[in-house]
Amino acid sequence: MTATRKSEPDAGGTPRLDAPELFINRELSLLEFNERVLAQARDTRVPLLERLKFLCISSTNLDEFFEVRVAGLKQKAELVNTPTEADNRAPREVLREIGVRAHELVDKQYATLNDELIPALEAEGIRFLRRSEWNPRQREWLAEYFEEELLPVISPLGLDPAHPFPRILNKSLNFIVALDGTDAFGRKIDYAVVQAPRALPRVIQLPAEATGSGPHDFVFLSSIIHEHVVDLFPSMGTKGCFQFRVTRNSDLFVDEEEVDDLLRAVEGELPSRRYGDCVRLEVAHNCPQSLCDYLMDRFLLTHEDLYQVDGPVNVNRLMALLETIDRPDLKYPAFSPRLPSELGPSGDLFAEIRAGDVLLHHPFDSFLPVIDFVRRAAADSRVLAIKQTLYRTGPDSAVVDALVEAAKAGKEVTVVVELRARFDEADNIELANRLQAAGAHVVYGVVGYKTHAKMTLIVRREADGLHNYIHLGTGNYHPKTARLYTDYGLFSCDQTLANDVHEMFLQLTSLGKVSGLERIIDAPFRLHSAILEKIEREAAHAWAGRGARIIAKMNSLVETRVIRALYAASQAGVEIDLIVRGICCLRPGVAGVSDNIRVRSIVGRFLEHTRVFHFGNDDAPEVYLASADWMDRNFFRRVETCFPVTAAPLYDRVMRELALYLADDSQAWMLASDGRYHAVEPAGDAPGLSVQKRLMEGPG
């Protein structure tokens, strides 16, 4: 596409670059991303059980959206209710629009489940049996299941002054029961609450041999409780039983200026997450209004916070079926990541890195070399020290195992563990304690800043002295997500780059100021200004008639000054392609402002997680990989790395792969100036290009 350029950056007839209408609200943009995820569940080209998975992901995403984003907005609305974002909307205004959009999204989720997925699954012999469909053998088995598994652990609670409304755990499955008659003590009790045991699965598979069921017949735990709720109140009648679930504020509050030990502070705050302020109430669609009103009153919620759903209130629990059902024909074809022979178990990993930088693109390239990098260092007598940052790594991590072995072997092991990685805090506390017990030096980053950088440094004694080997990545040291997320990882022993990593570790442990990094651009110190300078440099090239180009791939684009700089570059004639998976507050296609900016989102089998920034820079083009998105938090409140790819073969590979992302017409969505996304379709009868499928076949 040919870029258009204004003759001069005039002030008349064109909106000011800080005009609120030029910015899309970040919360509404995040809901749009969830719409794109849900679209995968409705796409018949996607294998059936994978469609169910995307529905569950959409549900889980929405849970977190309410737990964090909506909860934060509600707090702001209660305090001052003044606009704080570039779109200049007050929190209450945003909450009203979220209410409309989120209700629409939830309706689509349950329509997808009931009208599309359940019938399609049933056609494949995978059934969710309603109570009216149970045969006598199934009823007998389920009654026995209730007696043996449920009844011993369930605690029905009749509500009266001595039995007040219980504290309801965040996102737990519960039932409100309307009662009729008197209890054993002759008192009239109107309502009861039944809390489903947390230890039991939410979907129970019926044994074929005992019940005459098919091989994949399932019953919801909620159906079993509904069927036998009368047995929980033997002297009373039940007028109705309705499932409900409440979502609570799950952001942790730790006053980092007042704590002496961050680990103990975070550990102490974790239990409170289960009982934060309520932000959403989900109830069965047939729950009477009087009971809805009763629940809303108990949780201090309004009708805007009420979601009446036609199906299980915890759709995301269906994710467990993907492991239970052995139907490869209904899942994505098996895929084995590539393992370069020189980086395999029989190769000399350190020699290969000495020969030149090595670039891996996960999950298309295996994550095993990254694990092997730490394992070999742990076992190598010439390795003196290992330093690593851990943001998310999982409870059972081969990387942590290797670090523990290295510490036990007497090597100097330093690990920067980010305790405040949201929803992974408990796992990170556990691994921090484990590493400390093994003798590793463990620090928790910098108070007030999350350590989000992904870097490993290995110090090795060789014939000619000490050498540093490094790994820098765009994603976490998490073997499981490395199979699901796209991320780049760079191995290098370039001493300038390695010295920069060394300086960053010194800063994280000693808290001293680094002397100046040569190759890495770090946040919170230099990344924001550097990105602005590079965007402005492209604009200057364009005004001077020189070559100018920006391609940037990231998860989210929010920061206002960067967006304004991109608008100014577009006005100068810079051709700009943005590949933004999730939130994008920039509004493309606005006449005179963003004519030359295109924004696309790729949603497919793998979660797009790479951060790649290309600047044309006339005849001296640059490519950077980064741990950071273009968001306020990444620029100003996190420790991040942004590092160049300079080796010609690796640079060429990244550019070829960016070109594939821009050519995708099978999994791509284009953002319109109204803030909505539209699926890209192949031209005519063309088969279409899926970048992820293409990269599964081989490097770009």
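A quick note: this is a predicted structure, and the numbers were derived from the prediction, not measured.
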(Q) Whether the Asn634 and Asp629 side chains hold a donor-acceptor pair (N or O, under 3.5 Å, no angle test) is what I'd like checked. (A) no
Q. With respect to Leu586, which candidate in Leu22, Leu566, Ile576 satisfies the side chain to side chain contact (heavy atoms under 4.5 Å, CB included) definition?
A. Leu566
Q | Side-chain heavy atoms of Phe525 within contact of Gln507, under 4.5 Å | A | yes
Q.
If you define the side chain from C-beta out and look only at heavy atoms, does anything of Val562 sit under 4.5 Å from Leu532?
A. yes
Q) Taking the six-membered ring for Trp, are Trp630 and Phe613 parallel (under 30°), tilted (30 to 60°) or perpendicular (over 60°)? A) tilted
Q.
Quick check: do Met554 and Met631 have side-chain heavy atoms less than 4.5 Å from each other?
A. no
Q: Determine the interplanar angle of the His471 and Tyr477 rings, folded into 0 to 90°, and report it as parallel if under 30°, tilted if 30 to 60°, perpendicular if over 60°.
A: tilted
**Q.** Polar side-chain atom of Thr451 near backbone of Val639 as donor-acceptor pair, under 3.5 Å
**A.** no
Q | Donor-acceptor side-chain pairing of Asn170 and Glu67 below 3.5 angstrom | A | yes
Q) Using 30° and 60° as the class limits, which term best fits the ring planes of Phe373 and Phe350: parallel, tilted or perpendicular? A) tilted
Q. Under a 4.0 Å N-O cut-off, is there an ion pair linking Arg549 with Asp577?
A. yes
Q: Report yes if the side chains of Arg598 and Leu662 come closer than 4.5 Å at any heavy-atom pair, otherwise no.
A: no
(Q) Parallel, tilted or perpendicular: which one describes the rings of His452 and Tyr391, with boundaries at 30° and 60°? (A) perpendicular
Q | Heavy-atom side-chain contact between Val399 and Thr456 under 4.5 Å | A | no
Q. Looking at side-chain heavy atoms only, is the closest gap between Leu497 and Leu472 below 4.5 Å?
A. yes
Q. Would you say Lys411's side chain and Val383's backbone share a donor-acceptor pair under 3.5 angstrom?
A. yes
Q) Taking the side chain from Tyr488 and the backbone from Val612, do they hold a donor-acceptor pair closer than 3.5 Å? A) no
Q) Can you tell me if Lys454 and Ser627 form a side-chain donor-acceptor pair at under 3.5 Å? A) no
Q: Can you label the angle between the His528 ring and the Phe635 ring as parallel, tilted or perpendicular, going by 30° and 60°?
A: perpendicular
Q: Could you check whether the rings of Tyr661 and His361 sit parallel, tilted or perpendicular, using 30° and 60° as the cut-offs?
A: tilted
Q. Quick check: does any side chain N or O of Glu538 sit under 3.5 Å from a backbone N or O of Asn617, one acting as donor and the other as acceptor?
A. yes
Q: Ignoring hydrogens and angles, tell me if any N or O in the side chain of Arg526 forms a donor-acceptor pair with the backbone of Ile520 under 3.5 Å.
A: yes
Q) On the ring face of Phe367, is Arg483 found with NZ or CZ under 6.0 Å from the centre and within 45° of the axis? A) no
Q) Do Tyr469 and Arg354 get their side chains close enough for a donor-acceptor pair, meaning under 3.5 Å? A) yes
**Q.** Arg656, CZ: over 12 other non-hydrogen atoms inside 6.0 angstrom
**A.** yes
Q | Closest approach of Glu462 to Arg460 (non-hydrogen atoms, all atoms of both residues) | A | OE2-NH1, 2.8 Å
Q: Measure the shortest side-chain to side-chain distance between Ser397 and Leu431 over non-hydrogen atoms and say whether it is less than 4.5 angstrom.
A: no
Q.
Do Ile535 and Phe615 have side chains that approach each other closer than 4.5 Å (heavy atoms only, starting at C-beta)?
A. yes
Q.
Walk me through whether Asp277 and Asn249 qualify under side chain to side chain donor-acceptor pair (under 3.5 Å).
A. CA-CA 5 Å; Asp277 292 340; Asn249 183 338; 5.3 Å; no
Q. When you check the side-chain N and O atoms of His609 and Asp487, is any donor under 3.5 Å from an acceptor?
A. yes
